[in-house]
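Everything below concerns the one structure shown next.
Ligands are counted one by one from 1 in listed order, and the atoms in each one are counted from 1 as well. In what follows, residues are counted from 1 in the order of the sequence shown.
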Amino acid sequence: MCIKTCIQDILYEIDQCKSIYELNLVKTKYLGKKGYIFKQIKRIKKLNIHERKKFSIKINKIKKTVVNQIYWKKKNFLALGNKLVQEKKMIDVSLSSQENNYGSLHIVTQTVRKIKSFFSKLGCKIVFGPEIEHKYYNFDALNVQKNHPSRNFQDTFWFNKNYLLRTQTSSVQIRVMEKEKPPIKILVPGKVYRNDSDLTHSPMFHQIEGLIVDKKINFSNLKWMMENFLLYFFEDKIKIRFRNSYFPFTTPSMEVDIFNKKSKEWLEVLGCGMVHPFVFNNVNIDISKYSGCAFGIGIERIIMLKYEISNIRSFFKNDLRLLRQFK
Ligand code: DAH
């Protein structure tokens with residue numbers, strides 16, 4: 001091959017390269033130890049003095065052109081590669097991997113699940129009810145008197161004179177007892193709403209309601225259940241106190257407190273009691289045959305007590321620093 005056509009071919013081959021890999025192959029083919037240019041350089045020795053000078057000038061010129069051309073082509077590839085990486089069209093495999101940010105269940109969901117797992121072992125089934133509720137289910141049928149302060153505009157979000165955002169999951173007790181005959185064992189998790197907002201109260205929060213109706217359900221059943229649930233939830237580290245209280249839908253009624261070692265105070269954790277005979281009458285359950293007990297737990301409240309969280313708004317801010325603690 002004459003030297004002139006040879007350089008044209010080499011430059012064409014370089015130009016046709018589609019990657020640095022292909023370019024390296026061309027480089028070895030022409031500039032490598034067994035490559036074409038190297039072979040030509042070896043030939044110089046065999047030429048006579050006149051030809052030698054002429055030929056070596058030529059071959060060195062070719063070598064320089066090829067080296068230069070390969071250098072610029074490579075530079076172009078690298079620049080293009082960086083551009084693609086920047087535009088995220090190509091993966092830069094040399095980068096170290098990023099930290100994986102997996103999501104997790106919110107602590108409210110985790111807690112509802114934990115409570116469910118305790119009571120479902122006692123045979124409770126999970127039921128849900130509407131958040132937009134008629135006053136009959138939220139108040140009347142639960143024996144809440146017409147003049148009870150909780151009905152008033154300051155506490156309840158009313159839509160009109162009949163409908164409201166439920167203030168308690170107790171409303172679902174009535175809906176279930178209207179439809180089902182005892183034995184009834186239910187657990188009702190859900191959102192409730194009250195016009196109240198400060199460090200420990202939020203206009204929306206979560207409750208879980210329990211209702212057990214059967215023959216011979218008594219006060220000791222209720223106490224046993226509440227005590228064992230709290231020992232399970234707070235992991236045996238607590239002192240429990242039952243305190244006489246008032247709820248319109250239960251009699252007798254109790255509030256259950258746990259002792260906070262740090263503040264040396266008793267703190268209320270839940271309300272419970274024996275279902276009021278008036279409530280049973282409203283749903284046509286025969287009080288000579290059946291009795292029942294019920295309880296209501298504020299989910300955010302027990303989480304705040306367990307993990308010493310002071311501001312209820314932390315639950316709704318989606319601050320990863322709080323959420324990550326419960327992964
Ligand atoms: N509904 C009550 C509240 O929102 C909680 C409650 C107390 C529910 C006693 C009950 C109960 O079922 O027996 O404060």
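When the heavy-atom distances from atom 14 (O) of ligand 1 to R194, Q168, E255 are ranked, the shortest goes to R194. In this comparison of G298, P248, G271, A294, the heavy atom closest to atom 7 (C) of ligand 1 sits on G271.
Taking 4.0 Å as the cut-off between side-chain N and carboxylate O, R43 and E51 do not count as a salt-bridged pair. K146 has a carboxylate O that lies under 4.0 Å from a charged side-chain N of D140, or vice versa, which qualifies the two as a salt bridge. With respect to the salt-bridge test (charged N to carboxylate O, under 4.0 angstrom), the residues E13 and K73 do not qualify.
Numbered from 1 in the order shown, with element, the atoms of ligand 1 that lie under 4.0 Å from a heavy atom of Q173 read 12 (O). Here is the list of ligand 1 atoms found below 4.0 Å of a heavy atom in F247: 7 (C), 9 (C). Numbered from 1 in the order shown, with element, the atoms of ligand 1 that lie under 4.0 Å from a heavy atom of S170 read 1 (N), 8 (C). Taking every heavy atom of Q207 and a limit of under 4.0 angstrom, the matching atoms of ligand 1 come to 3 (C), 4 (O). With ligand atoms numbered from 1 in the order given, ligand 1 contributes 13 (O) to contacts under 4.0 Å with heavy atoms of G273.
In terms of protein heavy atoms, atom 5 (C) of ligand 1 is closest to G296 CA, 4.0 Å. If you check which protein heavy atom lies closest to atom 11 (C) of ligand 1, you get F249 CE1, 3.5 Å.
Contacts between C272 and ligand 1 below 4.0 angstrom, taking non-hydrogen atoms only, involve the backbone exclusively. When non-hydrogen atoms are compared, ligand 1 lies under 4.0 Å from the backbone of F295 (N, CA, C, O) but not from its side chain.
Note that CG of D155 and OG1 of T167 are 8.0 Å apart. Values are rounded to the nearest 0.5 Å.
The environment of F159 atom CZ is dense: over 12 non-hydrogen atoms of other residues, nucleotides or ligands sit within 6.0 angstrom.
Checked against a 6.0 Å centroid threshold, the rings of Y232 and F118 count as neighbours.
At least one donor-acceptor pair under 3.5 Å links the side chain of K306 to the backbone N or O of F233.
F119 does not carry K185 over the face of its six-membered ring by the limits of under 6.0 Å from the centre and within 45° of the normal.
Where the criterion is an N or O separation shorter than 3.5 Å, residue side chain and backbone included, E209 meets it with respect to ligand 1.
When the options Q173, E178, R166 are evaluated for a side chain to side chain contact (heavy atoms under 4.5 Å, CB included) with Y137, the one that passes is E178.
Using a 4.0 angstrom heavy-atom cutoff, M274 does not count as in contact with ligand 1.
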